[in-house]
Novice: 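Before anything else, here's the structure in question.
Along the sequence shown, residues carry numbers from 1.
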Amino acid sequence: QVQLVESGGGLVQAGGSLRLSCVASGRTFSSYAMGWFRQAPGKEREFVAAISWSGGSIYYADSVKGRFTVARDNAKNTVYLQMNSLNAEDTAVYYCAASGLTSRLTRESSFAYWGQGTQVTVSS
């Protein structure tokens, strides 16, 4: 079992930045790929970014490529999502997730463990 707790969400003006953190506890963090997903009001949850267990493979949704950066620190059991140049379309609840798989990391179904989410609101 893996427990995930996100933090770092909040209210930010358009063009601003936020860094989300997700701390994992339980089984060995370094053996899991990690992902970030988000769900905007009235919309389905969507993939944002993912990083393999080693950090050697990283994936981004087209909508955030060049603006968001995912990174992990296995010594701290933490994965980060640095979000720059935020706009109103980035407003959503952001979820951290853990996967024991090494492929298909852009798919929600690949992730077995989920955090409770953190709200990000971008004002225009």
Novice: To the closest 0.5 Å, what do you measure between CG (L11) and CD (Q13)?
Specialist: 8.0 Å
Novice: Looking at side-chain heavy atoms only, is the closest gap between Y32 and V79 below 4.5 Å?
Specialist: no
Novice: Taking all atoms of both residues into account, what is the closest heavy-atom pair of R72 and S30, and its distance?
Specialist: NH2-CA, 4.0 Å
Novice: Tell me whether K65 at atom NZ has more than 12 heavy atoms from other residues, nucleotides or ligands lying less than 6.0 Å away.
Specialist: yes
Novice: Take V48 and L81, measure what side chain to side chain contact (heavy atoms under 4.5 Å, CB included) needs, and give me the verdict at the end.
Specialist: CA-CA 9 Å; V48 175; L81 185 68; 4.1 Å; yes
Novice: Indicate whether any N or O donor in one side chain lies under 3.5 Å from an N or O acceptor in the other, for S25 and Q3.
Specialist: yes
Novice: Would you say V93 and L86 are hydrophobically clustered, going by side-chain heavy atoms of ILVMFWY under 4.5 Å?
Specialist: no
Novice: Do T91 and V120 touch side chain to side chain, with heavy atoms closer than 4.5 Å?
Specialist: no
Novice: Report yes or no: does E6 contribute a side-chain atom to a donor-acceptor pair with the main-chain N or O of G117 at less than 3.5 Å?
Specialist: yes
Novice: Count I, L, V, M, F, W, Y as connected when their side-chain heavy atoms are under 4.5 Å apart, and connections chain through other members. Are M34 and L105 then in the same cluster?
Specialist: no
Novice: Scan side-chain atoms only and decide if S17 and N84 contain a donor-acceptor pair under the 3.5 Å cut-off.
Specialist: yes
Novice: Any idea which heavy atoms bring G9 and L20 closest together, and the distance?
Specialist: N-CD2, 3.6 Å
Novice: Scan residues 33-65 for pairs that pass ring pair (Phe, Tyr, Trp, His ring centres under 6.0 Å), counting only residues two or more places apart or in two chains.
Specialist: F37-F47, F37-F111, F37-W114
Novice: Going hydrophobic residue to hydrophobic residue with side-chain gaps under 4.5 angstrom, can you get from V2 over to V5?
Specialist: no
Novice: Within 45° of the axis and under 6.0 Å from the centre of the six-membered ring of Y95, does NZ or CZ of R45 qualify?
Specialist: yes
Novice: Could you tell me whether the side chain of R19 reaches within less than 4.5 Å of the side chain of Y80, counting heavy atoms only?
Specialist: yes
Novice: If you compare all heavy atoms of T78 against all heavy atoms of S21, which two are closest, and at what distance to 0.1 Å?
Specialist: CG2-CB, 4.3 Å
Novice: If I compare all heavy atoms of Y113 with all of Q1, which pair ends up nearest, and what's the gap?
Specialist: CE2-OE1, 3.7 Å
Novice: Write down the atom of D90, the atom of R67, and the distance for their closest heavy-atom approach.
Specialist: OD2-NH1, 2.8 Å
Novice: State, with a plain yes or no, whether a side-chain heavy atom of S63 is found less than 4.5 Å away from one of R38.
Specialist: yes
Novice: Is F29 close to K76 at the side-chain level, that is, under 4.5 Å between some pair of heavy atoms?
Specialist: no
Novice: Can you name the closest pair of heavy atoms from L101 and S99 and give their distance?
Specialist: N-OG, 3.0 Å
Novice: Using modelled atom types only, decide if a donor and an acceptor are shared between the side chain of T118 and the backbone of Y94 within a distance under 3.5 Å.
Specialist: no
